[in-house]
Every structure is written in C-alpha cells, then in structure tokens.
Amino acid sequence: MQPKPIATSIKAVPVTVERKPFIQPNDDLRLTHPGTARANVAATYDHPDGTTTGGWAEHHKHQTVLQQHCAFFDTDGDGIIWPSDTFRGFSRLGFSIFLALLSTIIIHANFAYPTSPSIIPDPFFRLYIQNIHRAKHGSDTGTYDNEGRFVPQKFEDMFAKYAGEKEYITFRDVIRLLKGQRGIMDPIGWGGAFFEWAATYILLWPEDGRMKKEDIRRIYDGSLFYAIAAQRAKK
C-alpha cells in the first residue's frame, strides 16, 4: 500500500512551489529518519553512513559533526584552537596570507567568547571545541542543529530548494540560498552565512563554478580539509 502523498507546496503560495523540500522516493528509502539529527555522522541520501573513507566515521565517533568540522584546526588535539592554529590551517588549505589572516580575525573575534568556559573574555581569543555548538548562528541552512549534530533533511533541502536537486550548487544558487534562509533582524547571522559560503567557494574554487554536493558534505564533517591539505602538500 502506497503512503498518502504529502503536500509540500500550494499554488496560492508561490514560494512553496519554488522551494520544495527533499523527499525520498518511496521505492528507495535508503536514509532512515532523515529529519533526525545525527550526533557524529554527516549522513545524506547518497551517503547514509557518512564519510567512511579511511575509517573517518569510526575514528571521530566521539565528536559531534560540528566538532569534526573544527578538528582540522586543532592540530595538537587538545580541544583548544588558538588564532595561530586557525591561520596555519587556512594557509595549509591554500588561502593567501591576507585571506588566512582575515578569516582568523573574523572567526576568533566572533566565536572566542561564546565558546569560552568562563564568563571572563579570553585575552588570547581561543576557541574551545567542547563548546563550539554555542557558536552556531542564525540565517544558516540548519544542517547543524543547536547541539552541533548533523540534520540530513536540512542538508538535502538545501540542494532541493536552491539547486534544483542538482549534484552541485553554484554561487548564484548560494545567493538565492542566503536570501531564502535569511532571518529577520539577524545581521550577525547574515554576515556569518555569507562569510562561510565565500570561504567555501574560495576553498573549492571550481573551474566550472559548480561546488559539488559531496564536497560540501565533507566540509560539514571536516574530512575534506585533510584531503585538500594533503593534496597541496604534495605539490
């Protein structure tokens, strides 16, 4: 017996027709409970088990997906990211000195205090990975939840609504995404979302202007950072 169709759009409300959410085909429900946030796996329809290459999911099962995203910059594994760590991390990823410095300033100026274990501001502007979920801002895709987990439905919705279910997203699509996800009276969220997507485009720098869906997924769990750094180190 086929399940009753779910109404996801109404002609009288054009935006619901323009931005339709992701729905799995009934004959291929490979991603169980897509709306349930995954604590430590960046699971999607194409990769329901997350990143398995090199045992990534197993090696990082003690971290939330958001913590995994940040782990690349915590080179000594002590759970604390200094501004110098962030600068070196961006440099390893191919960012120029200026862009690496600018990224470091933006990230640590905004996220150091929210992640601090103390109410007293940290004079060294360090980030504490244990509290990195506190740095989540509004006007984003919602793929990370407020505890740093990964929500498959939100990730798939991003491509379904703004990329026409393509296996890639262009910067023009991203502009539409930023406008569509923008919350009212949220300048910090607007700026944070723009900065993150700009950094993503610079990191991937696709010759055809298409940022691959799988690359975006692996940025969420941080596994792509290691791959890009290793590739650049060989040059």
Side-chain angles (χ1 to χ4, degrees), residues 8-9 15-24 31-48 50-51 63-72 103 106-107 110-111 114-115 132-204 206 209-225:
T8 62
S9 61
V15 70
T16 65
V17 177
E18 178 187 349
R19 305 178 196 162
K20 293 183 179 180
F22 167 77
I23 298 179
Q24 293 188 86
L31 182 62
T32 59
H33 304 292
T36 301
R38 270 59 167 180
N40 54 10
V41 175
T44 61
Y45 183 69
D46 295 318
H47 297 272
T51 302
Q63 297 173 309
T64 65
V65 176
L66 180 55
Q67 289 175 334
Q68 294 174 32
H69 173 78
C70 302
F72 171 78
S103 299
I106 292 174
I107 291 171
N110 286 282
F111 298 154
T115 66
I132 199 64
H133 60 280
R134 297 178 183 172
K136 185 184 182 302
H137 57 76
S139 299
D140 61 359
T141 64
T143 300
Y144 293 127
D145 71 4
N146 286 2
E147 293 72 43
R149 293 176 291 235
F150 184 93
V151 186
Q153 182 69 47
K154 295 296 185 180
F155 179 86
E156 297 292 351
D157 281 349
M158 171 172 47
F159 285 86
K161 291 182 177 182
Y162 303 106
E165 297 186 338
K166 301 187 296 287
E167 291 301 306
Y168 61 86
I169 191 169
T170 66
F171 203 77
R172 179 175 294 181
D173 295 330
V174 169
I175 296 300
R176 292 175 52 242
L177 181 155
L178 292 173
K179 290 181 178 179
Q181 296 296 117
R182 189 168 52 192
I184 189 171
M185 299 295 288
D186 183 26
I188 292 179
W190 306 338
F194 178 81
F195 166 75
E196 288 160 1
W197 278 105
T200 296
Y201 194 89
I202 293 171
L203 174 67
L204 299 177
R210 300 175 176 181
M211 294 180 282
K212 297 178 181 178
K213 183 178 181 180
E214 172 61 0
D215 287 344
I216 300 297
R217 187 192 69 80
R218 292 186 64 197
I219 286 176
Y220 270 99
D221 72 7
S223 60
L224 189 67
F225 297 152

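Only heavy atoms go into these numbers, but all of them, side chains included; no hydrogens, no water, no symmetry mates.
- Residues Gln24 and Leu31 are in side-chain contact: their nearest non-hydrogen atoms beyond the backbone lie under 4.5 Å apart.
- Expressed to the nearest 0.5 Å, how far OG1 of Thr8 lies from CD1 of Ile23 amounts to 4.5 Å.
- Lys166 NZ: more than 12 foreign heavy atoms inside a 6.0 Å radius.
- Here the CG atom belonging to Leu177 is positioned 9.0 Å from the CZ atom belonging to Arg19, to the nearest 0.5 angstrom.
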Could you list the donor-acceptor pairs under 3.5 angstrom formed between side-chain atoms of residues 148-159 and any protein atom two or more places apart in sequence or on another chain?
from, atom 1, to, atom 2, distance (Å)
Arg149, NE, Asp145, OD2, 2.7
Arg149, NH2, Asp145, OD2, 3.2
Arg149, NH2, Glu147, OE1, 2.7
Gln153, NE2, Phe22, O, 2.9
Gln153, NE2, Asp157, OD1, 2.8
Glu156, OE1, Lys213, NZ, 2.7
Glu156, OE2, Tyr45, N, 2.8
Asp157, OD1, Phe22, N, 2.8

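- In this structure, the side chains of Leu204 and Ile216 come closer than 4.5 Å at one or more pairs of heavy atoms.
- Expressed to the nearest 0.5 Å, how far CD of Gln181 lies from CG of Asp186 amounts to 11.5 Å.
- Under the 3.5 Å distance criterion, with hydrogens and angles disregarded, a donor-acceptor pair is assigned to the side chains of Thr141 and Tyr220.
- In this structure the side chain of Arg217 reaches within 4.5 angstrom of the side chain of Glu214, judged on heavy atoms.
- Residue Ile175 places its CD1 atom among more than 12 non-hydrogen atoms of other residues, nucleotides or ligands, all under 6.0 Å distant.
- Between Thr200 and Val174 the shortest side-chain heavy-atom distance does not fall below 4.5 Å.
- Here CZ of Phe194 is found 14.0 Å from OG of Ser139. Values are rounded to the nearest 0.5 Å.
- In plain terms, the two heavy atoms of Pro48 and Ala43 that are nearest each other are O-CB, 3.3 Å.
- Between His69 and Phe225, the ring centre distance stays below 6.0 Å.
- Checked by atom type and distance alone, the side chain of Arg38 pairs as donor or acceptor with a backbone atom of Thr36 at under 3.5 Å.
- With values rounded to the nearest 0.5 angstrom, Thr64 atom OG1 is found 11.0 Å from Asp221 atom CG.
- Interatomic distance, CZ of Arg218 versus OG1 of Thr51, reported as 6.0 Å (0.5 Å rounding).
- Between Ala160 and Lys20, the closest heavy-atom pair is CB-O, 3.5 Å.
- Across every non-hydrogen atom of Thr16 and Ser9, the tightest pair is O-CB, 3.2 Å.
- In this model, no donor atom of one side chain and acceptor atom of the other lie less than 3.5 Å apart for Thr44 and Asp46.
- By the 4.5 Å heavy-atom criterion applied to side chains, Asn110 and His137 are not counted as neighbours.
- Pairs of residues two or more places apart, or lying in two chains, that qualify as ring-ring contact (aromatic ring centres under 6.0 Å, His included) and include a residue from residues 168-190 are Phe171-Tyr201.
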